[in-house]
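Written out below as structure tokens is the structure these notes cover.
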Amino acid sequence: MFSEKILKIASEAEVALAPIFKKIEEISFKNTERVLDAYKEFRVSEAMLTGTTGYGYDDLGRDTLDQIYARVFGAESAFVRHSIVNGTQALTIGLFGLLRPGDIMLSVTNRPYDTLCEVVGIDGANGDGSLADFGVGYEQVDFTPDRKIDFDGIAKKLSELGSKVKVVFIQRSKGYLDRPTLTVDEIGEICSFVHARSDAYVVVDNCYGEFTEDKEPTAVGADMIIGSLIKNPGGGIAESGGYIAGTKRAVELASYRLTSVGTGCEVGATLGQNRSLFKGFFLAPHIVSQALKTAHFSAYMLEKLGFDAYPKYNEMRSDIIQTIKFGYPEGLIKFCQGIQSASPVDSYVTPMPWAMPGYQDEVIMAAGAFTQGSSIEISCDGPIREPYIAFMQGGLTYESGKLAVMSAVSKITEEN
Ligand SMILES: *Cc1c(COP(=O)(O)O)cnc(C)c1O
């Protein structure tokens, strides 16, 4: 099925990647140990895996999983809900929970993820109910020209805007921007820098970052981290959901937005989802390691074939995203189609660019996943705009991720 050339580079890849794979396994081991210790500490039992209906009062499984997330992420408090529809909603809950009219949200990692721009109302108030509509201001600090965090720029904004800055917002992973992903230590530096100058909450969009390192931003000073369960922490098992973890007060305020003021985390039926949320979080460190191995493998293959892959194959990561800058739309489209053709579900369909809700440009998405749109499963997507970058992530098993990458590189090289 694969050409001699592809097979040869693939086997060279695994020799070159052996020391990196070993490091990834060490991180996965540490994270698995932390997760297992929490399951033991909070005495996870069979009875917790079934869950509640109706109001969902006294859902022991839900309350325990909240505590487990907090413990594993080094946070005081957390909530995890299957009923949060996606990462964007989880972020919306967090931001609306903390921000009040007259406050300012200061993003220090350039523009937030595409779908969040509408939530924030970055283009101004338009009556749809964005933060801007409620009188919340938005300010932004870009990366420096050498793609570093602009600490001078942050200091300047904080002194200019003073106590009006209620949230300093950090996006850990690159999202759809051509920018570096931050490491947890770099996020820690920003947290200390901000906390020394301001009472603002530091909120981190943690999507795609969970378990790629042996600690999360809440362990290094972030007041709130937010993510999606159909990415890393769901372990490929959770069928929907999101989480928020952080300081007691920040999580409490977010919980009042999740349900209602006063009720917070005490309600919310789990409707039989506890088992998959527990099982998914237990598997997540390992599944993330499989996705990381897939990403390194793809970077090696693409680099050797002369493509512009980033990060490089031998660079350690803080998210599971691999980007490939094609510079022309056909490369992006074909690569996505190659990934789709080696997916376990819908391998026979051909993905095409479309106008997805919440995105400014047309987007192409390869998503042959068991859970719709799940991007901890092998997936590849990208907005149809310059410089035509493919964003590939996931792989429930390294073996299947490797096969998908080999078909995608076959697809882009055969026509060149
Ligand atoms: C995936 C993602 C989100 C949320 O997207 P959803 O599709 O709503 O889950 C937000 N920020 C980043 C960086 C992401 O990768």
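This structure is a prediction, so every number in the text was calculated from the model and none was measured. In listed order, ligands and their atoms are each counted from 1.
- Take Arg34 and apply the side-chain hydrogen bond (donor to acceptor under 3.5 Å, both in side chains) test, not counting sequence neighbours, and it matches Asn31.
- With sequence neighbours left out, the side-chain contact (heavy atoms from CB on, under 4.5 Å) criterion links Thr88 to Asn86, Thr92, Thr115, Val119.
- Between Phe211 and Phe281, a ring centre-to-centre spacing shorter than 6.0 Å is recorded.
- For the pair Arg71 and Tyr69, the cation-pi criterion (under 6.0 Å, within 45° of the ring axis) is not fulfilled.
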Short N or O separations between ligand 1 and the protein, below 3.5 Å:
| residue | atom | partner | partner atom | Å |
| --- | --- | --- | --- | --- |
| ligand 1 | 8 (O) | Asn86 | ND2 | 3.4 |
| ligand 1 | 8 (O) | Gly87 | N | 3.4 |
| ligand 1 | 8 (O) | Thr88 | N | 2.9 |
| ligand 1 | 8 (O) | Thr88 | OG1 | 2.5 |
| ligand 1 | 9 (O) | Gly87 | N | 2.8 |
| ligand 1 | 11 (N) | Asp205 | OD1 | 3.4 |
| ligand 1 | 11 (N) | Asp205 | OD2 | 2.5 |
| ligand 1 | 15 (O) | Lys231 | NZ | 2.9 |

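- For Phe297 and Tyr313, the ring centers sit 6.0 Å or farther from each other.
- Pairs passing the side chain to side chain donor-acceptor pair (under 3.5 Å) check and including a residue from residues 341-354, sequence neighbours excluded, do not occur.
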